[in-house]
Asker: 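First the structure, then my questions, so here it is.
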Amino acid sequence: MKLDELAEILNSKNEEVEGKNFAVKFRNYLRLKKHENAVDNQLKEIIKLHQEYFKYIDLLTTFGGLPTFVAIFSNVITICLCILGAIKFSFVAGVVAAIGFFIQMAIPCFMGNLVSLQSERFEHALYDLPWHKIKNIKTRKIFLQFVQISQDAGGLPLPMLGDLDMELLS
């Protein structure tokens with residue numbers, strides 16, 4: 001939503017009034033500075049929100065990485081044991097238990113997939129932004145550096161398993 005607001009600011013017409021006197025030129029200068037400040041403030045807010053998002057992802061990785069790994073590993077072993085139980089003892093009970101443990105294993109994978117999809121959506125929205133309309137060179141450089149930083153966005157990494165996503169579930 002903040003990227004859409006920035007796009008609206010960038011696409012808004014900053015009309016200059018022709019004139020030779022000082023008052024007209026000063027009004028044009030003030031309009032231009034007001035527009036540049038609005039772009040700067042919106043970009044600062046987007047970068048701040050992006051940093052908070054990465055702190056959240058870092059916390060999920062730090063405090064949820066090992067427990068999620070253990071949960072997925074133990075659920076895989078339990079599903080295999082349920083399948084063996086379905087073959088040897090009771091087919092219905094074994095299959096129902098395997099489905100339950102599969103759902104328990106799928107929940108963290110859906111969460112990791114959601115993080116990956118949101119990172120991709122953000123990256124595409126950032127690429128579609130009309131950045132070429134940013135007038136201030138310093139702001140444009142900051143935006144292009146922000147684009148480069150946002151390219152490194154990924155999913156939730158797990159120890160020894162890779163990223164937590166739907167490929168891991170399959």
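What you see is a predicted model; the values in this text were computed from it and never measured. Only this structure's heavy atoms are used, side chains among them; waters, hydrogens and symmetry mates stay out.
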Asker: Are I79 and I77 linked, directly or through intermediate hydrophobic residues, by side-chain heavy-atom contacts shorter than 4.5 Å (ILVMFWY only)?
Answerer: no
Asker: Between SG of C82 and CD1 of I87, what distance do you get to the nearest 0.5 Å?
Answerer: 11.5 Å
Asker: Can you list the residues that meet the side-chain hydrogen bond (donor to acceptor under 3.5 Å, both in side chains) rule with Q145, with sequence neighbours excluded?
Answerer: none
Asker: Would you kindly confirm whether M105 and M166 end up in one hydrophobic cluster when ILVMFWY residues are joined by side chain heavy atoms under 4.5 Å apart?
Answerer: yes
Asker: Run the salt bridge (charged side-chain N to carboxylate O under 4.0 Å, His left out) test against E120 and tell me which residues pass, sequence neighbours left out.
Answerer: none
Asker: Answer yes or no: are there more than 12 heavy-atom neighbours, outside Q148 itself, under 6.0 Å from its atom CD?
Answerer: no
Asker: Got a sec, which hydrophobics cluster with V95, joining ILVMFWY side chains under 4.5 Å apart, including via others?
Answerer: F91, I99, I103
Asker: What do the steps show when you test S119 against Y53 for side chain to side chain contact (heavy atoms under 4.5 Å, CB included), and what is the final call?
Answerer: CA-CA 10 Å; S119 296; Y53 175 72; 3.7 Å; yes
Asker: Can you list, by chain and residue number, the hydrophobic cluster partners of V92 when the side-chain cut-off is 4.5 Å?
Answerer: V96
Asker: If every non-hydrogen atom of A86 is compared with every non-hydrogen atom of G94, which pair is closest and at what distance?
Answerer: CB-CA, 3.8 Å
Asker: Less than 3.5 Å apart, which donor and acceptor atoms pair up between the side chains of residues 111-118 and the rest of the protein, not counting sequence neighbours?
Answerer:
unit_1 : atom_1 : unit_2 : atom_2 : d
S116   : OG     : G112   : O      : 3.2

Asker: Looking only at heavy atoms, what is the nearest atom pair of L169 and A106, with distance?
Answerer: CD1-CA, 3.7 Å
Asker: Find the distance between CG (N75) and CD1 (I107) and round it off to the nearest 0.5 Å.
Answerer: 9.5 Å
Asker: At what distance, to the nearest 0.5 angstrom, does CD of E45 lie from NZ of K48?
Answerer: 7.5 Å
Asker: Return a table of donor-acceptor pairs under 3.5 angstrom between the side chains of residues 58-73 and protein atoms on other chains or two or more places apart.
Answerer:
unit_1 : atom_1 : unit_2 : atom_2 : d
T61    : OG1    : I57    : O      : 2.9
T62    : OG1    : D58    : O      : 2.8
T68    : OG1    : G64    : O      : 2.5

Asker: If you measure from CZ on F143 to CD1 on I46, what distance do you get to the nearest 0.5 Å?
Answerer: 8.0 Å
Asker: Give a yes or no on whether F102 and V76 share a hydrophobic cluster (residues Ile, Leu, Val, Met, Phe, Trp, Tyr; joining criterion: side-chain heavy atoms under 4.5 Å apart).
Answerer: yes
